[in-house]
Amino acid sequence: QVQLGESGGGLAQPGGSLRLSCVASGNIVSVTSMGWFRQAPGKQRELVATATTGGDTVYADSVKGRFTISRNNTDNVVRLQMNSLKPEDTAVYYCRAVVRGTAYWGKGTLVTVAS
C-alpha cells in the first residue's frame, strides 16, 4: 500500500505563487514516476506535470514556463512550484505516484487563484 500526503494549497492572487509538496510513504519500492494532476469544477482531471525517476519531465501546455516540477528520489518527495498563477489554475490538485505499474492518488489540495 502506498500513501501520498499533499500540502501547500491555498489562496493566491493572480500573478502570485504557490508551492505544492507531496510525500509518498508505505510500500514505495520502484516508484516509476510522480506528478501532479488537477480537476477544476465541472471538468475532467488533467495532467499538470510529471517526473520520472530518470529525470524526464512532462508539462501541460497551459503551465509550461510557469510551473516547475521537482522530485527527490531518495525521499520520494515531489514538489510543484507554481508561478504567475492565473484564475484558470483554480482546481483541486492531486499527487499521483506510479509504483510497479499501479497508480496511487493523494486526496487532493485546493488551489484558488482570485483577487
Side-chain angles (χ1 to χ4, degrees):
Q1 193 72 4
V2 175
Q3 296 81 41
L4 299 175
E6 300 134 326
S7 61
L11 175 64
Q13 293 187 340
S17 299
L18 285 173
R19 189 174 76 162
L20 306 181
S21 295
C22 174
V23 180
S25 60
N27 187 11
I28 52 176
V29 176
S30 300
V31 176
T32 305
S33 71
M34 295 185 71
W36 295 92
F37 289 69
R38 67 186 180 186
Q39 187 167 16
K43 295 187 177 181
Q44 290 187 334
R45 191 173 298 187
E46 62 178 5
L47 167 75
V48 177
T50 61
T52 68
T53 302
D56 295 326
T57 57
V58 175
Y59 291 92
D61 288 342
S62 59
V63 306
K64 284 180 181 177
R66 300 188 299 121
F67 291 9
T68 302
I69 189 169
S70 60
R71 182 178 163 188
N72 182 321
N73 293 335
T74 302
D75 297 333
N76 287 300
V77 174
V78 64
R79 294 183 174 88
L80 186 69
Q81 179 66 43
M82 304 185 294
N83 298 329
S84 302
L85 283 163
K86 304 175 180 180
E88 50 264 43
D89 294 319
T90 295
V92 177
Y93 284 69
Y94 296 91
C95 178
R96 186 193 76 169
V98 178
V99 181
R100 292 180 174 176
T102 300
Y104 296 87
W105 296 89
K107 294 181 179 179
T109 184
L110 178 62
V111 171
T112 303
V113 183
S115 55

To the nearest 0.5 Å, atom CD of Glu46 lies from atom CZ of Arg38 at 4.5 Å
> If you measure only the distance, is there a donor-acceptor pair under 3.5 Å linking the side chains of Arg71 and Thr52?
Replying inline: no
| Hey, is the main chain of Val113 close enough, under 3.5 Å, to the side chain of Thr90 for a donor-acceptor pair? | yes
Rounded to the nearest 0.5 Å, the CD atom of Gln3 sits from the NZ atom of Lys107 at a distance of 10.0 Å
Spell out, yes or no, whether Ile69 and Val23 are grouped together once hydrophobic residues are joined by side-chain heavy atoms under 4.5 Å, including indirect joins. no
Query raised in the report: So does Gln44 have more than 12 non-hydrogen atoms from other groups sitting under 6.0 Å from CD?
Result: no
Ser84 and Ser17 have their tightest heavy-atom pair at N-OG, 4.4 Å
| query | Would you find a donor on one side and an acceptor on the other, under 3.5 Å apart, between the side chain of Thr53 and the backbone of Thr32? | reply | yes
Taken in chain and number order and not counting sequence neighbours, the residues that satisfy ring-ring contact (aromatic ring centres under 6.0 Å, His included) with Phe37 are Trp105
The reported gap from OH in Tyr94 to CD in Gln39 (rounded to nearest 0.5 angstrom) is 5.5 Å
Heavy-atom nearest pair, Val111 first then Gly9, reads CG2-CA, 4.1 Å
Exactly one of Asn83, Asp89, Leu18, Leu20 clears side-chain contact (heavy atoms from CB on, under 4.5 Å) with Phe67, and that residue is Asp89
Would you say the side-chain atoms of Gln81 pair up with the backbone N or O of Thr68, donor to acceptor, closer than 3.5 Å? no
OG1 of Thr102 to CD of Gln1, rounded to nearest 0.5 Å, is 10.0 Å
With the 4.5 Å side-chain cut-off for hydrophobic clustering, are Leu85 and Leu110 part of the same group? no
Exercise. Hey, is CD on Gln13 packed in by over 12 heavy atoms from elsewhere, all under 6.0 Å?
Worked result: no
Tightest non-hydrogen contact, residues Ser115 and Pro14, listed as N-CD, 3.7 Å
ask   = Is there a side-chain contact between Arg96 and Ser33 (heavy atoms, below 4.5 Å)?
value = yes
Separation between CE (Met34) and OG1 (Thr50), nearest 0.5 Å, reads 11.5 Å
Closest non-hydrogen contact found for Gly108 with Val92 is CA-CG1, 3.8 Å
What one should report as the nearest heavy-atom pair of Ala24 and Leu4 is CB-CD2, 3.5 Å
